[in-house]
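Report on one structure; see the data block that follows.
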Amino acid sequence: MSTKSITLSCHCARTTHTISIPTTSLPLPAHLCSCDISRRISGSLLTSYINITFSPSDSKPNTSTCTPYHSSSKLTRWFCKTCGTHMYLEYHADGHFEAATGTLRVGEGGGEESPESTDGIIEFKSVMWIEATKDGGAAAFLPTINNTPLPHYLREAYQSPEIPIDWTAPNPSPSTSPPAHPKPPEPTTPKPIPAHCHCHG
């Protein structure tokens with residue numbers, strides 16, 4: 001069986017993992033996620049992951065150089081202890097691992113230079129959990145990838161409604177009755193924009 005060697009590496013190369021994937025399984029499907037947790041733990045508008053344990057016999061990553069963060073009851077997220085790179089998701093239900101797509105390097109080793117291209121390794125299937133953004137987030141900028149239309153989902157891909165690219169959360173209907181005594185306009189003051197990590201630490 002023909003296989004392709006895939007190496008995952010953090011920025012400092014202290015945390016690495018190499019797997020062999022049957023070429024018949026390529027490209028690996030991935031979804032661009034805009035849920036609150038993904039945005040908070042990464043500081044990015046979107047995250048994406050690929051499955052790296054295809055069967056119970058597949059070797060799991062060595063997480064001794066990582067620190068865990070239990071972001072929900074569903075999974076644990078692993079980060080390199082040295083450089084902070086978000087490396088893996090570990091699902092509690094079946095123990096399978098997924099890797100952040102930004103950690104992929106093709107071929108052996110985890111050096112600064114990648115010996116091959118990662119073209120054909122990943123295929124993005126959708127943008128999901130757009131509901132969490134309220135205003136559509138980055139999804140509006142991604143109608144297609146490689147000239148292929150990219151479905152947009154309200155929540156989980158394939159399990160929630162598909163929505164238009166210009167979706168925004170509906171606003172409450174304003175009152176149609178004018179106030180009896182209109183208030184004079186209040187002076188405008190700058191409003192702070194809150195920013196925080198997932199754990200609010």
Side-chain angles (χ1 to χ4, degrees), residues 1-4 6 8 17 19-61 68-79 85-106 117-171 198:
M1 178 185 295
S2 175
T3 62
K4 194 170 190 67
I6 306 292
L8 315 168
H17 181 64
I19 57 175
S20 292
I21 301 175
T23 54
T24 54
S25 298
L26 298 174
L28 300 173
H31 299 270
L32 295 161
C33 182
S34 55
C35 75
D36 280 341
I37 297 178
S38 288
R39 288 184 286 112
R40 299 295 182 193
I41 60 91
S42 67
S44 301
L45 295 176
L46 298 163
T47 61
S48 58
Y49 306 89
I50 54 167
N51 184 19
I52 58 171
T53 45
F54 297 90
S55 71
S57 62
D58 288 341
S59 62
K60 296 183 178 181
Y69 174 57
H70 305 287
S71 58
S72 71
S73 60
K74 183 178 181 180
L75 56 84
T76 296
R77 297 172 188 266
W78 293 92
F79 300 79
T85 297
H86 178 32
M87 293 293 300
Y88 312 116
L89 306 178
E90 180 183 8
Y91 283 82
H92 301 157
D94 58 6
H96 89 271
F97 275 76
E98 295 183 2
T101 56
T103 66
L104 265 70
R105 290 178 179 157
V106 181
S117 169
T118 56
D119 290 347
I121 303 299
I122 303 170
E123 182 179 4
F124 291 105
K125 295 292 190 178
S126 76
V127 186
M128 62 182 187
W129 283 103
I130 300 171
E131 181 182 54
T133 69
K134 310 301 182 187
D135 63 358
F141 301 100
L142 291 165
T144 65
I145 288 185
N146 294 329
N147 297 317
T148 300
L150 198 63
H152 290 60
Y153 290 99
L154 196 63
R155 292 179 290 277
E156 195 70 34
Y158 312 129
Q159 300 174 30
S160 65
E162 193 170 339
I163 56 176
I165 191 170
D166 59 353
W167 177 91
T168 58
N171 292 320
H198 179 250

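Heavy atoms only: backbone and side chains are in, while hydrogens, waters and symmetry mates are out.
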Exercise: identify the closest heavy-atom pair between [X] and [Y]:
| X | Y | result |
| --- | --- | --- |
| Tyr49 | Glu98 | CB-OE1, 3.5 Å |
| Ile41 | Arg77 | CD1-NH1, 3.7 Å |
| Phe124 | Ile145 | CB-CD1, 3.7 Å |
| Trp78 | Glu90 | NE1-OE1, 3.0 Å |
| Lys4 | Leu26 | CD-CD1, 3.8 Å |
| Lys125 | Pro151 | O-CD, 3.1 Å |

For residues [X] and [Y], is any side-chain donor paired with an opposing acceptor at under 3.5 Å?
| X | Y | result |
| --- | --- | --- |
| Tyr69 | His198 | yes |
| Thr76 | His70 | yes |
| Ser126 | His31 | yes |

Practice problem: Could you give me the CA-CA distance, side-chain angles and deciding distance for Leu32 and Leu150, then say whether side-chain contact (heavy atoms from CB on, under 4.5 Å) is met? | Solution: CA-CA 10 Å; Leu32 295 161; Leu150 198 63; 4.1 Å; yes
Quiz item: Backbone N or O of Ile21 within a donor-acceptor pair of the Ser25 side chain at under 3.5 Å?
Solution: no
Self-check item: Polar side-chain atom of Ser44 near backbone of Leu46 as donor-acceptor pair, under 3.5 Å
Solution: no
Exercise. State, yes or no, whether a side-chain contact exists between Ile130 and Ser34 at a heavy-atom distance under 4.5 Å.
Key: yes
Quiz item: Does Asn146 CG have over 12 foreign heavy atoms under 6.0 Å away?
Solution: no
Quiz prompt | Neighbour count >12 (heavy atoms, 6.0 Å) for atom OH, Tyr91 | solution = yes
Practice problem: Report the C-alpha distance between Ser38 and Thr47 in whole Å, list the side-chain angles of each, state the deciding distance to 0.1 Å, and finish with yes or no for side chain to side chain donor-acceptor pair (under 3.5 Å). | Solution: CA-CA 6 Å; Ser38 288; Thr47 61; 3.1 Å; yes
Quiz prompt | Matching residue for Leu8 among Thr101, Thr85, Thr103 - test: side chain to side chain contact (heavy atoms under 4.5 Å, CB included) | solution = Thr103
Exercise. Start with the C-alpha distance between Trp129 and Glu156, add both sets of side-chain angles, then the distance that settles side-chain contact (heavy atoms from CB on, under 4.5 Å), and finish with yes or no.
Key: CA-CA 6 Å; Trp129 283 103; Glu156 195 70 34; 3.1 Å; yes
